[in-house]
Amino acid sequence: MDYNFREIETRWQAIWRKTRIYHVENKCQRPHYYVLDMFPYPSGAGLHVGHPLGYIASDIYARYKRLRGFNVLHPMGYDAYGLPAEQYAIQTGQHPAKTTQQNIARYREQLDKIGFSFDWEREVRTCDPRYYRWTQWTFIQLFNHYYDNEVNKARPISELVSKIERGEWKEKLSKPWSEMNEEEREKYLMDYRLAFLADIPVNWCPQLGTVLANDEVVNGLSVRGGYPVERKLMRQWSLRITAYAQRLVDGLETVDWTDSLKEIQRNWIGRSEGAAVWFPVADHEGARFEIFTTRPDTIYGVTFMVLCPEHEMIDTITTEAQREEVAQYVTWAKNRSERERQAETKKVSGVFTGAYAINPLTNERIPIYVSDYVLAGYGTGAIMAVPAHDSRDFAFARHFNLPIRQVVAPSADEVSDPSTWSESLDSKIGVSVNSDFITGMKVKEAMSAVIKRITEMGIGFKTVNYRLRDAIFSRQRYWGEPFPVYYKNGMPYTIPEECLPLQLPDITDFKPTANGEPPLGHAKMWAWDEKERKVSATNAIDNKNVFPLELSTMPGFAGSSGYYLRYMDPTNDEAYFSKEAVNYWQNVDLYVGGAEHGTGHLIYARFWNKFLFDLGLAVKEEPFQRLVNQGMIQGRSNFVYRSKNDSNLFISKNIAGREETTVPIHVDINIVNNDILDIEKFRQWRPEFADARFELEDGKYVCGWEIEKMSKSMFNVQNPDDLVERYGADTLRLYEMFLGPVEQSKPWDTKGIEGVFRFLRKFWKMFCVEDDGCHLTTFDPTRDELKILHQTIKKITEDIERFSFNTSISAFMTCTNDLTALSCNNRRVLEPLVVLIAPFAPHIAEELWHKLGNQNSVCDAEWPKYDEQCLVEDTVSYPVSFNGKMRFMVSLPADANADDALAAVKAMPEGQKWLGGAEPKKVIFVPKKIINIVL
RNA sequence: GCGGAUAUGGCGUAAUUGGUAGCCGCGCUAGACUUAGGAUCUAGUUCUUCACCGAGUGGGGGUUCGAGUCCCCCUAUCCGCACCA
């Protein structure tokens, strides 16, 4: 009986569905384990072979854990809100809800074919009101909490109010609380709420018509679409993620992630220790500005100050003589796009304000400049410039001919004239020179000494600064969660929790409104009736109980920040998730997904979880205990070369140099075979190529190729369905794992899939499968057979634990080869192998398990244990070396000692004699390792 | 510029963690069965060589009886951040 994968796979998938075999309960005697995949955004392109890579790996692990006796939570869902569906809606008029629905159906169909053990009864969709109700709910909690730095956790904003009222609040108030009206109070509280509305510089993308978070912008271009992004001051909702910066750094110590990803997050958070110092402005009574420096030890080397162009003090301090010039510079700097600014970082620009600051330690007058190399978003937007010891300050000083003063030297006698330097001395290894009371101190001592002094003088303090910025939370978009917020007298109010979800209204026009409002401005009834406690039915502006609702929606990361908690209790309408559910599952034990989320989702989710932890909802401070980043599967693209002079002429790759060609044009990999273009198919491919002519080499058109990201636009997408159709899901699963280590990025290549398919067929044949079952013997297995079996059990178990699936599959192949060579048809050897292979190839395992006469599912089998006794070697092979030079191998009993070793070496045949009868000076014998003879 | 990672046959990779480098698969070569095969099976396949010998894990040095593995210095590639004070 042949291995009929098609019949086997469809049959078992149907049985699994019918028996709900992958459904898990929140209660169980067995220990719990939570295996999570990053849920996909259901794009119109469907799944390509890269998507399932991580899912297959996690599925193997989930199935393995189940066989090891764990109650395994392994859910799947959809990150269904997002830009592409909306862009598509603008182009075609198709409602995003509809395209999303279709895409989800397609994804589900594709996923089902691969045989995952997901519990689909727990499916979560971020665009489902039953789910986003809790995203909105969390937003309200964020709005209603502030970060208490004393207890280091989020506390209700009402506590802050009572602290103020009791006079226990240490931060300063612009005027007494009792004298403030509601608006003034709200304004004050807004600076503390964890979700807050503020005028902040944002990344504005005109083409997308929305603002973007920092992680959504790379090199001044939007990640989605690659459009230019500019800096703009706008009133936006933000999350005060910076309040959690230190906890986000500290938490990394407690999780089992790769060092590289932890490092990426540490860099993104960018913690740096230093000092804040106030510099008074000369001739401006009481005026001073704060700077941040990581090098307080260089304060005696300050020769000028620099403010960022956005700095609020510029207007007050600029002298009349300089006003014109400064204004011009500020305008110029503000109008530059992010991209321009980043491209020209090496060009020095700036302008003198005419004002002077006083160095508080030396009372020197130092000029104040404005320059865009100081950034508004970092530190205080103002710096003390030490040109001798900072490369940027150095370049600026050289450009404007400002003095450079050395205050640090490698050693006290290595002081030189800075005017002869070609670069600044940035190293922190050295001693202070020309620096009053710190002269002679090492850099580190000098830093503490200066901090101590400025603290005593009351002009500064030790502080920590973070690169991380608050997360901008509004998007001027339609297809996202509506904010549960309405505006009364210009002040934001959240709608009552019990009125959630605030449903996203239906609209037909997805573009911004004529007056530039977000698409929700098109909604007919988008106002809150405070009295009726629901979305207004009439939209009557003259009704004094009706107030406009927020028109922005939440960003993509809102829905994905807490979904892993919702899977624990996905149908709960009373709470985000029940106490029982979270107490049982705790947090995610294993999270599998791409490293590209390192500075986005994985930071936001950790923040979200920490906040819920502070609220007493999440029970673990870190959401994802172990994290594995699967590598990206790249595509191999093919190109044709079009002549510049004749747009119908295409020139073969190796002769393309003959005449000028345009940039290489991507061609669909499905009409190229081994880099040879199918000319007829190419002409049919697109109307514009119908009359294409070719310059061939050896009668063929050879295409160029390159490894690129797999994407629809590059026509290099390999669809998993085709492979399942041709080889079956088990082969696809095995092959994706066999390709190489899961963590590694690799180009897709189907060449090896035949080998994996052959293996599965060989494996199947080993069981002598007939219609009536497997014809196997039950005699005592031979020692060789047992050894192979137990070696394999050991190897596979260890490999799965360390996520090394490519080596597991090699081990299966070796084992099958060896047993076939021994003509093994022993049930007691082969049956455990079915359980071993079940996580990898569940369909074939289920079928064989059944054919072997088992009534239950192989999922409910027990993972085999290996027997050390079967692995013990009778003899051990030792390399024998003389004076370190390896000569030959000798076989000794497993329990041999040094004397046995020497005897064995002496007994070697004549041809390998080593000492001509002389006694060795020393014999080094390392049990099971080596025999070395020193002559 | 800063930070992280990687480098092994024609290709994807493996190496019990310091102990005979190259498991497994692809590809290739030869043979068998075939009218035929892009089907199946068998054998071989790091390089050089008829064979022996020898060389060999990006390059150079070091530690060690012994290094793909540990240390130092280069080189190349990939990834993250980037005027972050």
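Throughout, protein chains are lettered first and strands after them, A, B, ... in sequence-line order, and every chain is numbered starting at 1.
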Participant: Drop me the distance from A/F840's CZ to A/I796's CD1, to the nearest 0.5 angstrom.
Facilitator: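 The CD1 atom of A/I796 is 5.5 Å from CZ of A/F840, to the nearest 0.5 Å.
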Participant: Which nucleotide sits closest to the side chain of A/M813: B/C24, B/A85, B/A15?
Facilitator: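 Nearest to the side chain of A/M813 among the choices is B/C24.
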Participant: Working to the nearest 0.5 angstrom, can you tell me the gap between A/L53 CG and A/I633 CD1?
Facilitator: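 Those atoms lie 4.5 Å apart.
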Participant: In whole Å, measure the gap between the C1' atoms of B/G3 and B/U8 for me.
Facilitator: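 Comparing C1' positions in B/G3 and B/U8 gives a spacing of 27 Å.
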Participant: Anything under 3.5 Å between a protein N or O and an N or O of nucleotides 81-83 of chain B, put it in a table, one pair a line.
Facilitator:
unit_1 : atom_1 : unit_2 : atom_2 : d
B/C81  : O3'    : A/R467 : NH1    : 3.2
B/A82  : OP1    : A/R467 : NH1    : 3.3
B/C83  : O3'    : A/R392 : NH1    : 2.4
B/C83  : O2'    : A/Y373 : O      : 2.6
B/C83  : N3     : A/T345 : O      : 3.0

Participant: Working to the nearest 0.5 angstrom, can you tell me the gap between A/F738 CZ and A/F812 CZ?
Facilitator: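 Rounded to the nearest 0.5 Å, the CZ-CZ separation comes to 13.0 Å.
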Participant: Below 4.0 angstrom from OP1 or OP2 of B/G4, is there any side-chain N or O of A/T258?
Facilitator: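 No, because none of the side-chain N or O atoms of A/T258 sits under 4.0 Å from OP1 or OP2 of B/G4.
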Participant: If you look at every heavy atom in A/S422 and A/F394, which pair is closest and at what distance?
Facilitator: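 So the two residues come closest at O-CE2, 3.6 Å.
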Participant: Measure CG/A/D259 against P/B/G4 and give the value in whole Å, please.
Facilitator: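 Between P of B/G4 and CG of A/D259: 10 Å.
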Participant: Apply side chain to side chain donor-acceptor pair (under 3.5 Å) to the pair A/Y727 and A/T750, showing each step before the final yes or no.
Facilitator: CA-CA 11 Å; A/Y727 299 101; A/T750 36; over 6 Å; no
Participant: Using a heavy-atom cut-off of 4.0 Å across all strands, would you classify A/S391 as base, sugar-phosphate, or nothing?
Facilitator: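 No contact.
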Participant: Using the P atom in both, what is the distance from B/A67 to B/G62, to the nearest Å?
Facilitator: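 Roughly 12 Å separates the two P atoms.
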Participant: Measuring from A/E798:CD to A/S808:OG, what's the distance to the nearest 0.5 Å?
Facilitator: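 Spacing of CD (A/E798) from OG (A/S808) equals 10.5 Å.
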Participant: Rounded to the nearest angstrom, tell me the gap between atom NE2 in A/H597 and atom C1' in B/C79.
Facilitator: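 Atom-to-atom, A/H597 to B/C79, this comes out as 16 Å.
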Participant: Taking O4'-C1'-N9-C4 for purines and O4'-C1'-N1-C2 for pyrimidines, is B/U8 syn (within 90° of 0) or anti?
Facilitator: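 Anti conformation here, the glycosidic angle of B/U8 being more than 90° from 0.
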Participant: On RNA chain B, does the nearest nucleotide to A/K795 precede the nearest nucleotide to A/D393 from the 5' side, or the other way round? Give the residue.
Facilitator: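 Residue closer to the 5' terminus by nearest nucleotide: A/K795.
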Participant: With rounding to whole Å, what would you report as the distance between B/G59 and B/A7 at their P atoms?
Facilitator: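 Approximately 13 Å lies between the P atom of B/G59 and that of B/A7.
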Participant: What nitrogen or oxygen pairs link the protein and nucleotides 37-41 of chain B at under 3.5 Å?
Facilitator:
unit_1 : atom_1 : unit_2 : atom_2 : d
B/U40  : OP1    : A/R761 : NH2    : 3.0

Participant: When you compare B/A14 with B/U20, how far apart are their C1' atoms, in angstrom units rounded to a whole number?
Facilitator: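 To the nearest whole Å, 16 Å.
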Participant: Report the glycosidic orientation of B/G68: syn if within 90° of 0, anti in every other case.
Facilitator: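 Anti, since the glycosidic angle lies more than 90° from 0.
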Participant: Please check if the side chain of A/E743 supplies one atom and the backbone of A/G631 the other of a donor-acceptor pair under 3.5 Å.
Facilitator: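 No, because the side chain of A/E743 does not come within donor-acceptor range (under 3.5 Å) of the backbone of A/G631.
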Participant: Want to settle it: does A/G379 or A/I264 sit nearer the 5' end of RNA chain B, counting the closest nucleotide to each?
Facilitator: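 Going by which nucleotide is closer to the 5' end, it is A/I264.
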Participant: Can you tell me how far C1' in B/G18 sits from the matching atom in B/U57, rounded to whole Å?
Facilitator: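 My reading of the C1' atoms in B/G18 and B/U57 gives 15 Å.
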Participant: Can you see whether A/T242 engages A/D470 through a side-chain donor-acceptor pair at a distance of less than 3.5 angstrom?
Facilitator: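 There is such a pair (donor and acceptor under 3.5 Å, judged by atom type) between the side chains of A/T242 and A/D470.
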Participant: Sticking with atom C1', work out how far B/A21 lies from B/U69, rounded to a whole angstrom.
Facilitator: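 B/A21 and B/U69 have their C1' atoms separated by 11 Å.
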Participant: Counting only side-chain N and O atoms of A/N817, is one of them less than 4.0 Å from OP1 or OP2 of B/G25?
Facilitator: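 For B/G25, OP1/OP2 do have a side-chain N/O of A/N817 under 4.0 Å.
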Participant: In whole angstroms, how far is the P atom of B/G80 from the CD atom of A/E263?
Facilitator: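 It is 15 Å, rounded to the nearest whole Å.
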Participant: With A/N629, which residues qualify under side-chain hydrogen bond (donor to acceptor under 3.5 Å, both in side chains), at least two apart?
Facilitator: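 side-chain hydrogen bond (donor to acceptor under 3.5 Å, both in side chains) check on A/N629 returns nothing, list empty.
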Participant: Would you write the dot-bracket representation of RNA chain B, where each base gets (, ), [, ], | or . depending on whether it forms a Watson-Crick or G-U pair under 3.5 Å and with which partner?
Facilitator: (((((((..(((......[....)))((((((.......))))))((......))..(((((..]....))))))))))))....
Participant: Could you give the CD1-to-P distance, from A/I633 to B/C78, as a whole number of Å?
Facilitator: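 It works out to 19 Å between those atoms.
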Participant: Flag the pair A/D799 and A/K795 as a salt bridge only when some basic side-chain nitrogen lies within less than 4.0 angstrom of an acidic carboxylate oxygen.
Facilitator: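 Answer for the salt bridge query: yes.
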Participant: In whole Å, what separates the C1' atom of B/G54 from that of B/U49?
Facilitator: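 Per the computed distance, 10 Å lies between those C1' atoms.
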Participant: Side-chain atoms of residues 298-309 of chain A: list all donor-acceptor pairs with protein atoms under 3.5 Å, sequence neighbours left out, distances to 0.1 Å.
Facilitator:
unit_1 : atom_1 : unit_2 : atom_2 : d
A/T298 : OG1    : A/R295 : O      : 2.8
A/Y300 : OH     : A/D436 : OD2    : 3.3
A/T303 : OG1    : A/P403 : O      : 2.8

Participant: Can you check whether A/L361's main-chain N or O pairs, donor with acceptor, with A/N359's side chain at less than 3.5 Å?
Facilitator: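 Between the backbone of A/L361 and the side chain of A/N359 there is a qualifying donor-acceptor contact (under 3.5 Å).
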Participant: Any base atoms under 4.0 Å from A/P741, or only sugar-phosphate, or nothing? Heavy atoms, all strands.
Facilitator: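 Sugar-phosphate contact only - A/P741 comes under 4.0 Å of backbone atoms but never of a base.
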Participant: Rounding to the closest angstrom, what is the interatomic distance between B/G19 and B/G68 at atom C1'?
Facilitator: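 Taking atom C1' in both B/G19 and B/G68, they lie 13 Å apart.
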Participant: If a pair satisfies side chain to side chain donor-acceptor pair (under 3.5 Å) and one of its residues is in residues 256-265 of chain A, list it, with sequence neighbours excluded.
Facilitator: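 For residues 256-265 of chain A, and leaving out neighbouring residues, the side chain to side chain donor-acceptor pair (under 3.5 Å) pairs sorted by first residue read A/E263-A/R266, A/Q265-A/R606.
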